There are 2 protein chains.
Amino acid sequence: MSLPHALLGLLAVQPRSGYELTKVFEQDLGRYAWQAGHTSIYPELNRLAESGLVEVSHEGARGSRTYAVTEAGRSELRNWLLSPPRQTRVRNEPVLRMFLLSALEPADALVVLRTIAENTDASATELRKVREVDPEGPMTGAEGFGQLAAEYGLRQYEAVRDWARWAIERLERETSARPS
Amino acid sequence: MSLPHALLGLLAVQPRSGYELTKVFEQDLGRYAWQAGHTSIYPELNRLAESGLVEVSHEGARGSRTYAVTEAGRSELRNWLLSPPRQTRVRNEPVLRMFLLSALEPADALVVLRTIAENTDASATELRKVREVDPEGPMTGAEGFGQLAAEYGLRQYEAVRDWARWAIERLERETSARPS
DNA sequence: ACCTTACATGTAACTGTTGACATGTCAGTA
DNA sequence: TACTGACATGTCAACAGTTACATGTAAGGT
């Protein structure tokens, strides 16, 4: 149940409407960290408002409501982020695929590994461009969010790519050394 | 819904009982890739057996049933692993925490980052020891599974640690450069 | 004989999430 | 004026996953 904290965190950086929050979850946040659709977000915002952790700071056109964290909400967020990282539920399909590679014959495994290496390398290259738009921008606030995220994603991609290359090399060496 | 494929993959490496599969999910697989308890595994095994993708290869003591993949199951697994990686559901609390760091004041963010850097460094050191037990073991089969997993986990930890150190450095530089 | 621990499998209620459905506003344009 | 697309929020049924409950066997120690 991290969704309330995710919302609290986003609203702590700047007040937003449910619709805007939905958009954020479609970007890097939902891509790397936590995914949520508007059908989860709107009810959760109402719950948070009821508990007094957020409040409607502005009502705009088309019935839009902009939410902002309250002091209680900011305190709850800080509490959560500074508390010991509890055990976490992992559910990562790409990683699962990597784990299951051993179940394939070496030739098939190599095909998959090469695809992984290519895709992650391409993604890393793309992210590097994004990062270079403003390489020395501030790390806190709305832009800093993107900076941290971009750098994290970049390093993730590079790590997976390098792992895939390492695995390919070992697998090739092994296959040629003792062919079945 | 990757659980059936995870089970198929594990059984493709070697036949196991539901109990043994449960144990595997408590190790690295559940730690890095996909987590599942016995209450999901047993019903799923029954479903897979009904669809003919696995079969009971042996019945042992205490009512234990050892499952093995059928040809159909092996084909389904290969299909899934070689097919284009569909979009995946991300749900990763540690990463979410990193994303939300920007919502904290720099001093608090530094505390969290230092903890992350220390923890991931410790985990990396531990994993490096595990890996060195058999650094040149085979990559396929039951042992190779562990080798790939260990290397992947190691590189993940190191990547996160390096990212945290990078973020700490930038944050410190920024804080001292223009203190609020 | 009794107790404890690990082995081994299962059901059912509850909770959380998603997908389909639903409604309405506002701006631009044909 | 009518249409289209983006904006904006919402409900509800279906489904997935977890927790708590439940049962029983085998091995080893006291």
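Lettering follows sequence order; numbering is per chain, from 1. Everything numeric in this text was worked out from a predicted model, so none of it was measured.
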In whole angstrom, what separates [X]'s [atom1] from [N]'s [atom2]?
X: Arg65(A); N: dA8(D); atom1: CZ; atom2: P; answer: 12 Å
X: Asn46(B); N: dG10(C); atom1: CG; atom2: P; answer: 5 Å
X: Arg91(A); N: dT18(C); atom1: CZ; atom2: C1'; answer: 15 Å
X: His38(A); N: dA22(C); atom1: NE2; atom2: C1'; answer: 10 Å
X: His58(A); N: dT9(D); atom1: NE2; atom2: P; answer: 11 Å
X: Tyr42(A); N: dG16(C); atom1: OH; atom2: P; answer: 21 Å
X: Glu59(B); N: dC7(C); atom1: CD; atom2: C1'; answer: 16 Å
X: Phe25(A); N: dT17(C); atom1: CZ; atom2: C1'; answer: 13 Å

Checklist entry - Cation-pi between Arg97(B) and Trp34(A): NZ/CZ under 6.0 Å from ring centre and within 45° of the ring axis? => result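 Here Arg97(B) fails the 6.0 Å and 45° test against Trp34(A).
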Side chain of [X], heavy atoms from C-beta onward: which of [options] has the nearest atom to it?
X: Tyr19(A); options: dA20(D), dA6(D), dG10(D); result: dA6(D)
X: Arg62(A); options: dT19(D), dC7(C), dG24(C); result: dG24(C)
X: Ser64(A); options: dT9(C), dA6(D), dT9(D); result: dT9(D)

Next on the checklist: Regarding Glu44(B), tell me which of base, sugar-phosphate or nothing describes its non-hydrogen contacts under 4.0 Å with the strands shown.
Outcome noted: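 If one applies the 4.0 Å heavy-atom cut-off, Glu44(B) turns out to touch nothing in the nucleic acid.
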Checklist entry - Starting at the 5' end of DNA chain C and moving along, which residue's nearest nucleotide shows up first, Ala61(A) or Trp34(A)? => result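 Its nucleotide being nearer the 5' end, the pick is Trp34(A).
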Item to check | Option among Leu48(A), Leu21(A), Asn46(A) that satisfies the side chain to side chain contact (heavy atoms under 4.5 Å, CB included) test with Tyr67(A) | outcome: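 Exactly one pass, corresponding to Asn46(A).
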Next on the checklist: I need the single residue from Leu8(A), Leu45(A), Val69(A), Leu7(A) that forms a side chain to side chain contact (heavy atoms under 4.5 Å, CB included) with Leu53(A). Which is it?
Outcome noted: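 With Leu53(A) as partner, side chain to side chain contact (heavy atoms under 4.5 Å, CB included) holds for just one option, Leu8(A).
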Checklist entry - Given the rule in the side chain to side chain donor-acceptor pair (under 3.5 Å) test, do Glu93(A) and His5(B) qualify, once you have shown the distances and angles that lead to the verdict? => result CA-CA 10 Å; Glu93(A) 194 186 296; His5(B) 293 109; over 6 Å; no
Checklist entry - Does the pair Arg47(A) and Glu44(A) meet the rule for a salt bridge (charged side-chain N to carboxylate O under 4.0 Å, His left out), with working shown? => result CA-CA 5 Å; Arg47(A) 273 191 290 274; Glu44(A) 188 61 51; 3.1 Å; yes
Item to check | dT18(C) OP1/OP2 closer than 4.0 Å to side-chain N/O of Gln35(A) | outcome: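 Indeed, a polar side-chain atom of Gln35(A) lies that close.
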